[in-house]
Number of protein chains: 2
Amino acid sequence: MNNEKEENNISSVFPLFKSLTEQELELLNSRIKCNIYRKGEIIYREGSKITGCYCVNKGIIKIYKTGIDFKPQIVAFAIKGDITGYRSVLSNEVACTTAEVLEEAEIYYIPSDIIFNLIKSNSDFALSLIQLTCRELDQANIFIKDIAQKTVKQRLAEVLLMLEKTFKTDSDGFIAVNLTREDISSIVGTATESVIRILGDFKKENFISIKGKKIKILDKKKLSLISDSLF
Amino acid sequence: MNNEKEENNISSVFPLFKSLTEQELELLNSRIKCNIYRKGEIIYREGSKITGCYCVNKGIIKIYKTGIDFKPQIVAFAIKGDITGYRSVLSNEVACTTAEVLEEAEIYYIPSDIIFNLIKSNSDFALSLIQLTCRELDQANIFIKDIAQKTVKQRLAEVLLMLEKTFKTDSDGFIAVNLTREDISSIVGTATESVIRILGDFKKENFISIKGKKIKILDKKKLSLISDSLF
DNA sequence: CGGAACTTTGACACGTCTCAAATGCCGTGG
DNA sequence: CCACGGCATTTGAGACGTGTCAAAGTTCCG
């Protein structure tokens with residue numbers, strides 16, 4: 001189970017672990033558990049106790065907070081190479097978000113004591129972890145500024161660009177993720193109907209094309225201009 | 001300058017440094033610089049390079065991102081015991097926010113190499129730093145959810161409660177900070193006029209009282225109910 | 001094939017923003 | 001000490017964006 005191939009895999013897929021020594025990688029591998037999750041499954045739920053963190057090797061996870069009337073607010077996605085749940089582990093608090101599988105996922109579980117030990121034994125690892133949280137914090141602050149100051153149309157344009165950047169495109173140029181209109185609305189922070197209407201506008205103006213849930217960006221420049229309100 | 005009293009001071013005012021050894025504290029003290037900033041002064045500006053981080057010993061700092069048409073979006077305050085600028089230092093990037101003095105401030109400056117060395121030499125310090133960023137990250141995510149889902153009235157109620165909790169009250173019960181209506185609007189993420197109107201509503205309903213810039217919360221319970229939209 | 005979930009469309013109401021103008025407040029300089 | 005100018009606050013009117021509700025159409029999946 002802890003063969004050479006898999007060891008290489010962990011540190012190559014997850015940049016966070018690239019500073020680990022061979023011994024540390026060995027220990028990590030000996031304690032890692034791999035699980036497959038189906039679409040719709042909950043990996044951990046807001047308010048529940050977390051005993052380790054989750055490294056996504058395959059699939060797509062949406063991470064959200066539950067808001068008014070149980071309306072979810074998506075705050076992040078996790079895909080191959082991303083690590084989630086570490087925040088609650090490190091601050092020893094219950095999970096502050098829910099992680100739900102959007103596309104069948106293969107996920108490594110790392111018990112929290114391993115994380116703490118790595119922080120103690122390897123300062124480069126600690127630094128990487130700090131830098132990771134700092135990056136996420138900046139992302140969050142940017143999002144706050146946007147959501148507070150931009151119109152729904154601007155935010156939707158921005159979200160579409162973000163989605164393409166995050167999930168890349170398939171062979172036909174469509175963004176490689178299946179999100180419901182409701183999902184999109186709970187990223188943008190708006191009503192589902194508003195998303196639908198504005199997507200319709202974008203389509204009419206040939207900024208995007210739509211095939212069912214799939215969206216293809218045709219005019220990245222125009223969407224950028226809209227999102228930055230420079231048009 | 002580096003007398004015993006000041007050494008004790010640093011670690012007692014800033015919880016982040018409580019795990020430092022005597023030698024580390026001594027080194028820290030030998031490199032720290034203390035500055036006084038007047039109201040309106042900029043400590044660092046978004047987009048500029050940062051060479052160290054700032055520990056607030058006195059005064060009030062507002063931290064904001066610049067948005068559309070240069071409209072600022074306040075993302076945090078820093079008061080006695082808070083540390084700011086460390087994010088940009090750690091991620092080796094230009095400042096992603098601007099820090100501006102609201103009330104005359106006394107601020108310790110710590111060169112970035114000290115921070116990096118402490119992370120290397122003291123894993124408890126590294127862990128504290130990680131936990132600090134994690135807490136801030138969670139705060140940011142909560143704010144995203146609120147700003148996306150709540151009405152302006154709900155958000156303003158919440159912000160008033162936050163302000164009282166952060167800055168406490170003076171002897172007359174007024175929140176101990178001077179913010180312009182514009183400042184408040186750029187926390188809430190709305191127009192200045194909306195803030196004024198809704199503050200007027202709150203006053204009319206006796207949830208708050210107003211004397212110039214100063215605000216006193218009269219009915220914390222009602223404001224909580226409004227903010228949680230449970231009324 | 002059937003039912004549930006998702007998407008789309010329309011009408012309408014309401015919240016919020018913008019613009020404009022009046023008033024109030026405060027520090028500066030005469 | 002007062003007058004002035006500039007900035008902050010307040011109020012009003014109107015336009016616009018966005019949310020809500022209801023209903024019909026569509027897709028998905030067992």
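Proteins get letters first, then strands, A, B, ... in listed order; numbering begins at 1 in each. None of the values given here were measured: they were computed from a predicted structure.
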Heavy-atom contacts, protein to nucleotides 14-30 of chain D, under 4.0 Å, summarised as B (base), S (sugar-phosphate only) or - (none) per nt, yield ----SSBB---------
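- Scored by the ring pair (Phe, Tyr, Trp, His ring centres under 6.0 Å) test, B:Y64 finds no partners at all (sequence neighbours excluded).
- Taking a cutoff of 4.0 Å between a charged side-chain nitrogen and a carboxylate oxygen, A:E164 and A:K220 qualify as a salt bridge.
- Under the 3.5 Å distance criterion, with hydrogens and angles disregarded, a donor-acceptor pair is assigned to the side chains of A:Y44 and A:T84.
- Contacts of B:R135 classified as salt bridge (Lys or Arg N to Asp or Glu O under 4.0 Å), with partners at least two apart in sequence or in another chain: none.
- Taking the six-membered ring for Trp and thresholds of 30 and 60 degrees, B:F167 and B:F77 have ring planes more than 60 degrees apart, a perpendicular arrangement.
- With a 6.0 Å radius and a threshold of 12 heavy atoms from other residues, nucleotides or ligands, B:E205 has its CD atom above the threshold.
- At a threshold of 4.0 Å, the pair B:E104-B:R38 counts as salt-bridged, since one of the basic side-chain nitrogens sits closer than that to a carboxylate oxygen.
- Rounded to 10°, the helix from C:dC1-D:dG30 to C:dG30-D:dC1 has 40° between the axis fitted to its first five pairs and the one fitted to its last five.
- When DNA chain C is scanned 5' to 3' for any atom under 4.0 Å from a heavy atom of chain A, the first and last hits are C:dC6 to C:dA11.
- Residues A:T180 and A:K213 are in side-chain contact: their nearest non-hydrogen atoms beyond the backbone lie under 4.5 Å apart.
- Using a 4.5 Å heavy-atom cutoff, the side chains of A:F143 and A:V75 are not in contact.
- Of the residues in residues 174-184 of chain B, none lies under 4.0 Å from DNA chain C by heavy-atom distance.
- Side-chain atoms of A:Q149 come within 3.5 Å of backbone N or O of B:K71 as a donor-acceptor pair.
- Of the charged side-chain nitrogens involved, at least one lies within less than 4.0 Å of a carboxylate oxygen, so that B:K65 and A:D138 count as a salt-bridged pair.
- Checked against the 6.0 Å centroid threshold, A:Y108 and A:Y54 do not count as a close aromatic pair.
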